[in-house]
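Take a look at the structure set out below.
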Amino acid sequence: MTARPKFFLTTAIDYPNARPHIGHAFEKIGADVQARYRRMAGFDVYFLIGNDENTIKVAKRAAELGQDTKAYCDDMASQFQEVWAALDISHDDFIQTSESRHHEGCRRFIQRVFDNGFIYKGTYEGLYCEGCEAFKTDKDLVDGQCPTHRRAPVRRSEPGYYFAFSKFQDRLLAHYAAHPEFIQPQSRHNEVVNFVQSGLQDTLISRHGEQWGIRIPFDEEFTIYVWFDALLNYMTAIGFGHDETQWARWWPADVHFIGKDITRFHCALWPAMLMAAELPLPHKVFGHGFVQRRDDRTGELVKESKTLGNVTEPMDLITKFSSEGFRFFFMRECPFPGDGEFSWQRFAEVYNSDLANNLGNLFSRVATLLLKNYGGELPAIDAAAAVEPPEGPDPASLAASVASHVETCDYHLALEAIWRQNLDPANRIADRYEPWKLVKSDKAKAGSVLRHMVEALRRAAIYLKPFLPRAAQRIYGSFDFETSWESVRYTDAGTSLPPDRPIRLTVAVDEKGKIPPLFPRID
RNA sequence: CCCGGGGUGGAGCAGUGGUAGCUCGCCAGGCUCAUAACCUGGAGGUCGCAGGUUCAAAUCCUGCCCCCGGAACCA
């Protein structure tokens, strides 16, 4: 058996101090499309997601609820995974950073960096709130006071371990220059270069006196500061520190999908950590944009927050409509590299026009025409009766262009092309030749028109396999195409069906002899 | 103050040098196979402002105005 190329992709791990929101979902969906696309393209894919549990906030939240921290984390992890399952996220692994595989790997890693001389003991000095029993940054304070305890923090210093981040400034800049594709999109690349050029400070990577978290192997009184631990999930999940064969198989990551806000950690701190440990760097970091919510009534952008209780639950969207509608909206409407907006009204608009009225309706009309006029079987094509294919680019170049958009994560452009250059032309050719009339005078010619329409559906199904896995399969599986659903590739969308082979409709009809709609309209 | 993103017909967005495009909405037709869907045509934009480069700019350069986000545990 020949070895297939591997593709290892990750998303950021999420803080489980609240249930997942649409922003988390946006990232998972975008990564999932990539994972599914790569599997179609023949890669051996490992898709990792997970939760980031070694934070003080999580321990505090658990304490508030009177729960054991680990039990709380496990419960949240299952709540997150419930949402991801409902969204058809096809991850291969879900890591919790409280797992022992992660702890072990982290300890190995930090020891290694320590042995290489990039960690040293120093003194941390900062503003400490005695009420919170925690250090505060300037932005935590309101009028110089801790907002929860209404008192000014005091200067306090304590010993801690520092990572020699500053030593990597030149090497990082050299790496960005040598690998311009490392940070995507381009705007994020510029941001990071700028940040690193402005100078790096050594960072504190330890915490003192915490019960929850990972102990530092060379000084057990300390725990590992969350970022230094969190980033390592990408390696510990695939075996770093406990399964070297697996680790060697998958590392380095092909792409880390992250929110644009944590670009610096992934593009500066993370590669520096790997350099310090003398390990290979990931190939690419993709910082996607954010989804904001627009209020349907006021038309204003909404700042979602737990305390205001106005967080949009992904589950609401899924149960109210469908995971497919959810996936489609975010991928079509919110450019992955940039920002997007969500509103219930806009959601219904996009769903109705693209999914119900266009794709879904095209499927209905084709299926019904086939059923009513051909008994569900479109005969082999008669060359003399063949009509010109719908306007638009030739199938092979459209397939190449859609694939290229998917590879660069310009999902909105990929979907736009599928609709404007593949589906719209199919609806137009129907109107132009009116096969429902034509079938009475020239059945062969009408059949040729229908073939073009079936082709459009077949191609759409292939293109949409990573985006709408269920609907795409349902469309594809409604016909007896030769290539199996499991083995289709994007390049198949660039080909045409063999004209000498009949096309049989295999879809089931309901009691009334009708085909149930693919995407029922939202009213 | 600094950094990043953005300002395109009523709304939301594509579009990085060569007749301004898409979705929704609106108006008028057509069609009836289809999920009251689909197709055609129309109204509606001096592409934030001011300069500049060019035979040619929404698209490149300069300055300014406005909006959003960020500045190290927030996707």
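Labels below follow one simple rule: chain letters A, B, ... track the order of the sequence lines, proteins then strands, and each chain is numbered from 1. Since this is a predicted model, take the numbers as computed values, not measurements.
Looking at the side chain of A:K372, the nearest of the listed nucleotides B:C33, B:U35, B:C38 is B:C33. Closest to the side chain of A:H24, out of B:A75, B:A72, B:U35, is B:A75. For A:R365, taking side-chain heavy atoms from C-beta onward, the closest of the listed nucleotides B:C33, B:A37, B:U23 is B:C33. Minimum atom distance to the side chain of A:F195 is reached by B:A72, of the listed B:A72, B:A75, B:A37. Closest to the A:S353 side chain, of the nucleotides B:A34, B:A75, B:U23, is B:U23.
Residue pairs meeting the salt bridge (charged side-chain N to carboxylate O under 4.0 Å, His left out) criterion with at least one member in residues 446-459 of chain A, sequence neighbours excluded: A:E455-A:R458, A:E455-A:R459.
The same atom, C1', is picked in B:G7 and in B:C49; the two are 11 Å apart, to the nearest Å. Rounded to whole Å, the separation between the P atoms of B:U23 and B:A37 comes to 15 Å. To the nearest whole angstrom, the two P atoms, one in B:U16 and one in B:C60, are 9 Å apart. Separating the C1' atom of B:U32 from that of B:A20 is a span of 35 Å, rounded to the nearest Å.
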Might you list the N or O atoms of the protein lying below 3.5 Å from N or O atoms in nucleotides 6-15 of chain B, with each pair's distance?
unit_1	atom_1	unit_2	atom_2	d
B:C13	OP1	A:E341	OE2	3.4

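With sequence neighbours left out, the side-chain contact (heavy atoms from CB on, under 4.5 Å) criterion links A:K167 to A:F118, A:A164. Evaluation of the salt bridge (Lys or Arg N to Asp or Glu O under 4.0 Å) rule for A:R470 yields A:D88 as partners, not counting sequence neighbours. Residues passing the side-chain hydrogen bond (donor to acceptor under 3.5 Å, both in side chains) test with A:S448, sequence neighbours excluded: none. By the side-chain contact (heavy atoms from CB on, under 4.5 Å) test, A:D424 is found to be paired with A:N358, A:R420, A:R428, residues two or more places apart in sequence or in another chain being considered. Here A:D431 pairs with nothing under the side-chain contact (heavy atoms from CB on, under 4.5 Å) rule; sequence neighbours left out. Every residue two or more places apart in sequence or in another chain was checked for a salt bridge (Lys or Arg N to Asp or Glu O under 4.0 Å) with A:E181, and none qualifies.
Here A:G23 lies in heavy-atom contact (under 4.0 Å) with a base. Nucleic acid contact for A:L269: none, since no nucleic acid atom lies under 4.0 Å from a heavy atom of the residue. Base engagement by A:F519 is indicated by at least one non-hydrogen atom pair under 4.0 Å involving a base atom.
Shown for residues 421-438 of chain A: residues whose heavy atoms fall under 4.0 angstrom of RNA chain B, namely A:N427, A:R428, A:D431, A:E434, A:W436, A:K437.
In the interface, the side chain of A:N361 is paired with the base of B:A34 through a donor and an acceptor atom under 3.5 Å apart.
Below 30°, between 30° and 60°, or above 60°: for A:W419 and A:F328 the angle between ring planes is between 30° and 60°, a tilted geometry.
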With a 3.5 Å cut-off and sequence neighbours excluded, list the donor-acceptor pairs that the side chains of residues 264-274 of chain A form with protein atoms.
unit_1	atom_1	unit_2	atom_2	d
A:H266	ND1	A:I262	O	3.2
A:H266	NE2	A:Y234	OH	2.7
A:W270	NE1	A:H256	NE2	3.2

Review item, side-chain donor-acceptor pairs of residues 362-374 of chain A, under 3.5 Å, at least two apart:
unit_1	atom_1	unit_2	atom_2	d
A:S364	OG	A:G360	O	3.3
A:R365	NH1	A:N427	OD1	2.8
A:T368	OG1	A:S364	O	2.6
A:N373	ND2	A:L369	O	3.1
A:Y374	OH	A:K443	O	2.9
A:Y374	OH	A:G447	N	3.1

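Helical stems of RNA chain B (runs of at least 3 Watson-Crick or G-U pairs, donor-acceptor distances under 3.5 Å) are listed by first residue: B:2-7 with B:65-70, B:10-13 with B:21-24, B:26-30 with B:38-42, B:48-52 with B:60-64.
Residue A:N54 is tested with A:D229, A:T223, A:T69 for a side-chain hydrogen bond (donor to acceptor under 3.5 Å, both in side chains); the sole match is A:D229.
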